[in-house]
Every structure is written in C-alpha cells, then in structure tokens.
Amino acid sequence: MTTLAQDKPRAYGVGELNELPVIASHVIFEGCAVGDNGAGLARKLVAADPFIGFAKEQCDNSLGAASARNVKLWERGKIEIDVTGVASVADVGEAVYASDDNTFTLTAAGNSAIGKVARWVSGTRCVVYFEGVQLRSL
C-alpha cells in the first residue's frame, strides 16, 4: 500500500484514547499508524518506529514547531485492515507489523510490531488487536 496523503476513516472496536505531541512541520492523517520518532514525538509511522497507535483525526502541525500540536490517537483497540500475508482463519494470533503508516504485514524484519490478528474477515482483510508500546506489558 501507499503511505497516506489524506484522511482514511477506519473501523475501530472499543479502544483507549490519548493525545501525544507531534514533530515539527508534519501532518498526521486520520487512520494513520503513528510512530514515536525516538525523541518522544509522534509522526506518521516509519518502519522500525515504536508504534504508539492510530490517529483518531487529522492533526495538522505543518506550520508548527515540535510539540505545538497534539495528535489524538487510539492507543489500544481493534481495527479492520488489510494485512499482507494473511490468507485464512489459520492466521488468527499471528503478529502484525507496519512498514509505514498504511502498510501492514506479517513480516517482522525491519518493521514495527503493532498487534495480532484477532479475526480473519476474507482475503487479506482482518481485525487486528493493537497496542501502542506505551501500554504493552513488559
């Protein structure tokens, strides 16, 4: 898939919301997988970023300094997405990773862990239980 350039409303199950500061000169779109840039600031997820959640709504900090705006995000819950490598109900329980803000896969190498397949829908479509790193147990 291609990284997001506009809002992408997604179907979520019940989850937990949080607000975290965004890097300077950056737009995070609704539905975007969000990562930590290594300095505690949110950005559109880049492969290997610690995953912190999915953007609940767009956060435009394109003209702001670092931390000038906070992104509202779902940091735990369920989301229906396409995951490369998922093929059947046998994939329930498999770990899911993101290689960017809109590309999800079963491939771990170089990617960011986001959660596990909770339910297979059809084809590569499934429900994924996700947790941001700030909520995961040790």
Side-chain angles (χ1 to χ4, degrees):
M1 293 206 165
T2 306
T3 186
L4 292 180
Q6 63 184 25
D7 294 338
K8 183 170 185 172
R10 300 188 194 264
Y12 295 93
V14 175
E16 294 185 36
L17 288 170
N18 197 359
E19 291 188 27
L20 296 172
V22 177
I23 64 172
S25 307
H26 197 69
V27 177
I28 296 177
F29 296 100
E30 176 184 351
C32 175
V34 181
D36 182 313
N37 73 341
L41 299 174
R43 67 177 176 187
K44 293 185 343 181
L45 186 136
V46 174
D49 277 355
F51 169 75
I52 57 176
F54 284 95
K56 181 179 184 292
E57 57 192 39
Q58 185 182 116
C59 179
D60 186 346
N61 195 32
S62 57
L63 301 176
S67 301
R69 303 272 323 254
N70 286 343
V71 62
K72 292 179 184 174
L73 53 82
W74 295 104
E75 56 185 4
R76 177 185 292 159
K78 291 181 179 175
I79 184 171
E80 189 173 318
I81 54 177
D82 288 304
V83 179
T84 301
V86 168
S88 73
V89 70
D91 292 312
V92 170
E94 292 292 323
V96 177
Y97 303 86
S99 59
D100 65 34
D101 67 313
N102 192 41
T103 305
F104 308 99
T105 181
L106 297 181
T107 302
N111 294 318
S112 303
I114 69 163
K116 290 188 174 190
V117 175
R119 180 173 41 122
W120 176 69
V121 176
S122 68
T124 61
R125 194 81 174 167
C126 56
V127 174
V128 173
Y129 173 77
F130 65 91
E131 282 187 326
V133 295
Q134 67 278 19
L135 296 180
R136 294 180 196 159
S137 60
L138 298 175

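Only this structure's heavy atoms are used, side chains among them; waters, hydrogens and symmetry mates stay out.
At a threshold of 4.5 Å between side-chain heavy atoms, the hydrophobic network of Ile, Leu, Val, Met, Phe, Trp and Tyr places F130 and L45 in one connected group. Clustering ILVMFWY residues whenever any of their side-chain heavy atoms sit less than 4.5 angstrom apart, transitively, puts V96 in the very cluster that holds W120. Hydrophobic clustering, with ILVMFWY side chains joined whenever heavy atoms are under 4.5 angstrom apart, keeps I52 apart from F54. Each of F29 and L20 belongs to its own hydrophobic cluster when Ile, Leu, Val, Met, Phe, Trp and Tyr are linked at side-chain heavy-atom distances under 4.5 angstrom. When hydrophobic clusters are built by joining Ile, Leu, Val, Met, Phe, Trp and Tyr residues whose side-chain heavy atoms come closer than 4.5 Å, directly or via intermediates, V133 is grouped together with V22.
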*Worked verdict on L17 versus W74 for side chain to side chain contact (heavy atoms under 4.5 Å, CB included)*: CA-CA 5 Å; L17 288 170; W74 295 104; 3.5 Å; yes

*Test side chain to side chain contact (heavy atoms under 4.5 Å, CB included) applied to E16 and L135, step by step*: CA-CA 10 Å; E16 294 185 36; L135 296 180; 4.2 Å; yes

*Please walk me through it: do Q58 and V27 pass side chain to side chain contact (heavy atoms under 4.5 Å, CB included)?*
CA-CA 7 Å; Q58 185 182 116; V27 177; 4.1 Å; yes

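With hydrogens and angles ignored, the 3.5 Å screen pairs no side-chain donor or acceptor of T107 with any backbone N or O of A109. With R69 contributing its side chain and C59 its backbone, the two residues share no donor-acceptor pair below 3.5 Å. At least one donor-acceptor pair under 3.5 Å links the side chain of N61 to the backbone N or O of I23. At least one donor-acceptor pair under 3.5 Å links the side chain of D100 to the backbone N or O of T103.
The two residues G110 and A47 make their nearest non-hydrogen contact at O-CB, 3.2 Å. G85 and D91 get closest at one heavy-atom pair: O-OD2, 3.9 Å. Nearest heavy atoms, A48 versus S112: N-OG, 3.0 Å. Closest non-hydrogen pair, F51 versus A33, comes out as CE1-CB, 4.2 Å. Of all heavy-atom pairs spanning N111 and A98, the tightest one is CB-O, 3.4 Å. Scanning all heavy atoms of the two residues, the minimum distance from P21 to N70 falls at CA-OD1, 3.1 Å.
For the atom pair NZ (K56) and CZ (R10), the distance works out to 15.0 Å, reported to the nearest 0.5 Å. Going from atom SG of C126 over to atom NZ of K78 covers 12.0 Å, rounded to the nearest 0.5 Å. Separation of atoms CZ (R136) and CD (E75) is listed at 11.5 Å; rounding is to 0.5 Å. Here the CG-NE2 distance, from N37 to H26, works out to 9.0 Å after rounding to the nearest 0.5 Å.
Scanning for salt bridge (charged side-chain N to carboxylate O under 4.0 Å, His left out) contacts around E57 gives K72, with sequence neighbours left out. Applying the side chain to side chain contact (heavy atoms under 4.5 Å, CB included) test to T84 and every residue at least two apart in sequence or in another chain returns T105. Applying the salt bridge (charged side-chain N to carboxylate O under 4.0 Å, His left out) rule to E131 yields the partners R76; only residues at least two apart in sequence or on another chain are considered.
Through direct or indirect side-chain contacts shorter than 4.5 Å among Ile, Leu, Val, Met, Phe, Trp and Tyr, V121 is connected to V127.
In this model, no donor atom of one side chain and acceptor atom of the other lie less than 3.5 Å apart for N102 and T3.
Residues I114 and F104 form a side-chain contact, since some pair of their non-hydrogen atoms from C-beta on lies under 4.5 Å apart. Between L4 and D101 there is a side-chain heavy-atom pair separated by less than 4.5 Å. Considering only heavy atoms from C-beta on, Y97 stays 4.5 Å or farther from L106 through its side chain.
Residue pairs meeting the salt bridge (charged side-chain N to carboxylate O under 4.0 Å, His left out) criterion with at least one member in residues 30-50, sequence neighbours excluded: R43-D49. Contacts classified as salt bridge (charged side-chain N to carboxylate O under 4.0 Å, His left out) and involving residues 105-129 (residues at least two apart or in different chains) are given here: E80-R125, D82-R125.
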